[in-house]
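Step one of this worksheet: look at the structure below.
The sequence lines fix the lettering, A, B, ..., with proteins before strands; numbering per chain opens at 1.
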There are 2 protein chains.
Amino acid sequence: MLAEQKRHRRRATQGNSPVTLADVARIAGVSEITVSRVLRDVASVAAGTRKRVLAAVGDTGYVRNQVAGTLASATSNLVGVVIPSLSNIVFADVLRGIDGGLGPSGYRPVVGITGYDPTVEETLVGSLLAWKPAAMIIVGFEHTDVTRRWLKQSSIRVAELMDIDSAPIDLAVGLSHRAAGQATARHLVARGYRRFGYVGHDWNTDRRARLRWEGLVQALAEAGLALVDQRLNDGPSSTQAGREGLAALLRGGERPDVVVFSNDDMAVGGVFQCLAENIALKHELALFGFNGLDIGQALPMPLSTVRSNRFRIGELAVEHILSRPKRGETLETIDTGFEIVEGATA
Amino acid sequence: MLAEQKRHRRRATQGNSPVTLADVARIAGVSEITVSRVLRDVASVAAGTRKRVLAAVGDTGYVRNQVAGTLASATSNLVGVVIPSLSNIVFADVLRGIDGGLGPSGYRPVVGITGYDPTVEETLVGSLLAWKPAAMIIVGFEHTDVTRRWLKQSSIRVAELMDIDSAPIDLAVGLSHRAAGQATARHLVARGYRRFGYVGHDWNTDRRARLRWEGLVQALAEAGLALVDQRLNDGPSSTQAGREGLAALLRGGERPDVVVFSNDDMAVGGVFQCLAENIALKHELALFGFNGLDIGQALPMPLSTVRSNRFRIGELAVEHILSRPKRGETLETIDTGFEIVEGATA
DNA sequence: CCACGGAATGACAGCGCTGTCATCCGATAA
DNA sequence: TTATCGGATGACAGCGCTGTCATTCCGTGG
């Protein structure tokens with residue numbers, strides 16, 4: 001019956017380039033596999049043949065279909081990237097580092113933004129994993145059980161970035177935020193500060209900021225000191241939040257001689273607040289940040305802070321993954337360290 | 001011969017989840033297609049069956065293979081995104097907007113960063129197109145001929161962002177930078193400024209900054225004015241570059257009463273320079289930016305600038321594409337406009 | 001009691017590539 | 001001259017899904 005003829009006449013009806021390898025092969029007068037070889041630059045193909053193939057590719061405007069290629073070869077060149085936010089330049093830096101590390105390797109990042117929500121993260125990881133990426137790069141250690149299971153079970157490489165204060169699923173690249181907090185305290189204590197204030201953000205969701213705070217408080221305790229006052233906002237970090245946080249702190253009781261901020265964005269807000277209130281930076285009130293953002297260093301008085309090597313973190317993660325594409329037996333942790341930036345505000 | 005047995009015993013050897021639809025189907029005691037239907041939530045599946053399938057999915061830890069799915073259905077849910085840079089918060093905002101617009105639709109962005117190099121862009125577009133994305137989102141109008149051809153020929157939707165001063169391949173979403181430059185000039189002239197200076201960046205590569213400059217100069221000319229001096233750097237925009245640019249300008253001959261910067265990053269640098277040199281903002285020297293970044297608005301004296309709606313540009317582009325996934329007959333241009341932000345520096 | 005329609009399910013081919021092996025051929029060695 | 005070998009090319013199945021029918025089953029109305 002007629003149905004027999006009608007069945008299965010599917011075609012790449014959906015837009016895109018309807019030109020396939022087969023078309024190119026026919027035009028070039030070779031087999032599909034030869035075209036494939038030329039395009040992937042594998043195996044030996046005679047110079048003349050190659051030229052004919054490339055010519056055919058050129059005038060058909062053929063574009064490879066990586067989807068088919070990936071399915072056939074079971075080797076994708078996508079890398080899943082999961083970050084909490086892009087409002088914060090810090091993660092844009094990480095993403096830059098990832099892209100930079102990927103470079104001309106042909107690998108492409110597929111990104112997802114969680115908004116710091118582990119449930120969203122779970123959904124994202126699921127849909128990224130569905131693309132059978134060559135690797136997954138994800139910020140932080142805080143995942144749902146399902147997420148963690150998926151990540152473990154997919155035997156691709158998994159890099160958890162920014163933080164190294166926990167055991168990774170496979171590879172961790174970052175710095176110890178606790179150590180950074182401690183270093184901050186020791187540095188400031190050594191410079192003679194005694195009355196410490198703190199202005200924070202996202203108190204309940206930003207684990208790394210919390211770790212820094214813990215390190216700070218702990219090292220202060222070891223020096224026989226404690227925070228004289230603090231303002232712990234629960235909103236996201238921003239310059240404005242920093243201004244308001246410092247303003248509130250200063251309206252409070254005991255006046256600190258140095259205020260540590262949860263990060264540079266906040267600290268820059270603090271600097272602006274001092275400018276607005278005519279408080280002499282460092283002499284009257286010292287300020288200290290975290291991250292080492294450009295903006296802080298471009299201030300009339302460069303911000304005293306701790307440099308985290310964000311770009312490098314992304315880049316290093318990628319380099320590491322590309323150099324060992326198979327997951328190994330042992331967990332790895334790469335410490336990218338941090339440096340105190342003396343600056344002029346503390 | 002033995003070879004006959006050996007051939008074609010390929011397997012998803014490469015890591016990832018070795019669990020396939022077929023496995024889940026077997027365990028659930030249904031056919032593959034039924035599992036597929038449950039997972040995609042299409043067609044009707046009996047409640048009991050669905051439950052069994054989901055259970056099987058659950059305990060196998062099955063993860064869909066979108067690669068195979070995309071190949072079979074010829075409908076991808078990847079969106080190619082090509083931006084010039086991530087160092088500039090502006091493009092991070094656009095990317096945020098894109099991600100936000102994509103929301104829970106299941107579409108995922110695959111990103112590429114060109115570094116403002118059309119050749120890199122060409123390579124990127126080629127490799128993104130190879131993933132047969134549902135759409136391409138790209139910043140600007142400046143493409144190589146090859147890029148343009150590929151984009152046209154792939155009949156997917158193509159959104160060119162930020163700029164609307166040229167004819168798009170398919171859809172343009174952004175603002176008229178020329179108009180923004182003109183508005184800046186008129187606004188400042190109306191406020192009584194007469195001696196205009198200009199500090200710019202990336203003079204040879206940032207077409208949109210150039211368009212704003214042209215609009216500015218043109219509208220000044222219409223008011224019988226001209227720039228009294230300018231500093232056109234060729235490096236990327238940064239706060240530091242803005243500081244140095246203004247410093248250089250002020251060391252120059254005629255002192256302007258207002259300086260327009262190519263963007264807010266640069267202008268914030270200008271503000272810092274004034275703070276450092278103790279120049280009274282607005283009264284002694286007025287400054288004006290472009291973009292309306294948070295940082296500028298958090299300054300002790302909020303920066304006078306023009307707000308570009310970057311997040312909205314990304315979001316709108318996505319919304320538009322999702323609502324009409326097929327390319328139409330006619331070219332479309334969506335003007336997201338801009339607003340003068342009065343601020344306190346001009 | 002039977003025809004009928006719709007819900008639930010399945011069979012099957014094929015999406016566009018690539019891995020694997022086989023084949024062909026001319027150049028070199030014996 | 002003949003056996004040998006490596007370079008160049010091809011045939012073929014299959015990667016893991018989904019679109020397209022086809023089929024089965026059950027409740028309903030005449």
Side-chain angles (χ1 to χ4, degrees), chain A residues 1-14 16-26 28-53 62-77 130-132, chain B residues 1-14 16-26 28-53 62-77 130-132:
Chain A
M1 30 136 103
L2 194 109
E4 291 306 304
Q5 272 80 355
K6 264 213 255 169
R7 298 174 75 170
H8 313 299
R9 27 77 198 167
R10 279 204 280 155
R11 203 100 213 51
T13 131
Q14 187 243 32
N16 297 23
S17 131
V19 185
T20 71
L21 249 202
D23 299 322
V24 177
R26 195 174 334 104
V30 297
S31 68
E32 297 184 31
I33 190 70
T34 299
V35 179
S36 174
R37 280 174 185 141
V38 171
L39 262 29
R40 287 180 299 153
D41 204 34
V42 301
S44 47
V45 175
T49 310
R50 156 170 282 115
K51 189 171 288 183
R52 260 183 305 139
V53 167
Y62 171 73
V63 176
R64 276 175 74 177
N65 186 338
Q66 289 267 30
V67 178
T70 298
L71 180 60
S73 66
T75 41
S76 158
N77 62 1
W131 283 99
K132 305 292 162 186
Chain B
M1 30 136 100
L2 193 108
E4 292 305 305
Q5 271 79 355
K6 266 213 257 172
R7 301 175 76 173
H8 312 299
R9 28 78 197 166
R10 278 203 281 155
R11 232 224 112 1
T13 131
Q14 184 243 30
N16 296 23
S17 135
V19 185
T20 71
L21 249 203
D23 299 323
V24 177
R26 196 175 333 103
V30 296
S31 68
E32 298 184 31
I33 190 70
T34 299
V35 179
S36 175
R37 279 172 186 143
V38 170
L39 262 31
R40 286 180 299 153
D41 204 35
V42 302
S44 45
V45 175
T49 309
R50 156 170 283 114
K51 189 170 288 178
R52 260 184 305 141
V53 167
Y62 171 72
V63 176
R64 279 175 73 177
N65 186 337
Q66 289 267 30
V67 178
T70 298
L71 180 60
S73 66
T75 41
S76 157
N77 61 0
W131 282 100
K132 304 292 162 186

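Contact annotation: B:Thr20 side-chain N/O to D:dG16 OP1/OP2 distance is not under 4.0 Å. The side chain of B:Tyr62 places no N or O atom within less than 4.0 Å of a non-bridging phosphate oxygen (OP1 or OP2) of D:dG16. In this structure, A:Ser73 does not reach the C:dC17 phosphate: none of its side-chain N or O atoms is under 4.0 Å from OP1 or OP2.
Rounding to whole angstrom units, CG of residue B:Leu71 and P of C:dC15 are separated by 9 Å. Rounded to whole angstrom, the span from the CZ atom of A:Arg64 across to the C1' atom of C:dG16 amounts to 12 Å. Remark: P of D:dC17 and CD of B:Gln66 are 10 Å apart, rounded to the nearest angstrom. In this structure, B:Trp131 places its CH2 atom 13 Å from P of C:dC17, rounding to the nearest Å. Here the C1' atom of nucleotide C:dA8 and the NZ atom of B:Lys51 are 17 Å apart, to the nearest Å. Regarding B:Ile33, its CD1 atom lies at a distance of 13 Å from the P atom of C:dT9, rounded to whole Å. At whole-Å resolution of the value, CG in A:Asn77 and C1' in C:dT18 are 14 Å apart.
Without hydrogens or angle criteria, B:Arg52 side chain to B:Ala28 main chain gives a donor-acceptor distance under 3.5 Å. Under a 3.5 Å cut-off, the side chain of B:Ser36 and the backbone N or O of B:Glu32 do not form any donor-acceptor pair. Not a single donor-acceptor pair under 3.5 Å links the side chain of B:Thr49 to the backbone N or O of B:Val45.
A heavy-atom distance below 4.5 Å is found between the side chains of A:Arg64 and A:Arg40. Contact of the A:Val63 side chain with the B:Trp131 side chain is not registered, since no non-hydrogen atoms from C-beta on lie closer than 4.5 Å. Considering only heavy atoms from C-beta on, B:Val19 comes within 4.5 Å of B:Val24 through its side chain.
Here A:Val30 lies in heavy-atom contact (under 4.0 Å) with sugar-phosphate atoms only. Nucleic acid contact for A:Thr70: none, since no nucleic acid atom lies under 4.0 Å from a heavy atom of the residue. Using a 4.0 Å heavy-atom distance criterion, B:Glu32 is classed as a base contact.
Proximity note for B:Ser44 (side chain, C-beta onward) versus C:dA8, D:dA11, D:dG16: the nearest is C:dA8. Residue A:Leu21 has its side chain nearest to C:dC17 when only D:dT18, D:dG7, C:dC17 are considered.
The distance from the OG1 atom of B:Thr70 to the CG atom of A:Leu71 is 10.0 Å, given to the nearest 0.5 Å. With values rounded to the nearest 0.5 angstrom, B:Ser76 atom OG is found 8.0 Å from B:Gln66 atom CD.
Direction of the helix axis in the helix from C:dC1-D:dG30 to C:dA30-D:dT1 shifts by 40° between the two five-pair termini, rounded to 10°.
A:Arg50 pairs in a side chain to side chain contact (heavy atoms under 4.5 Å, CB included) with only one of the listed residues (A:Val35, A:Val30, A:Thr34, A:Asp41), which is A:Asp41.
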Decide side chain to side chain contact (heavy atoms under 4.5 Å, CB included) for B:Leu39 and B:Tyr62; before the verdict, give the C-alpha distance in whole Å, the side-chain angles of both, and the deciding distance to 0.1 Å. CA-CA 11 Å; B:Leu39 262 31; B:Tyr62 171 72; 3.4 Å; yes
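Contacts with DNA chain C (heavy atom under 4.0 Å) in residues 34-43 of chain A: A:Ser36, A:Arg37, A:Arg40, listed by number.
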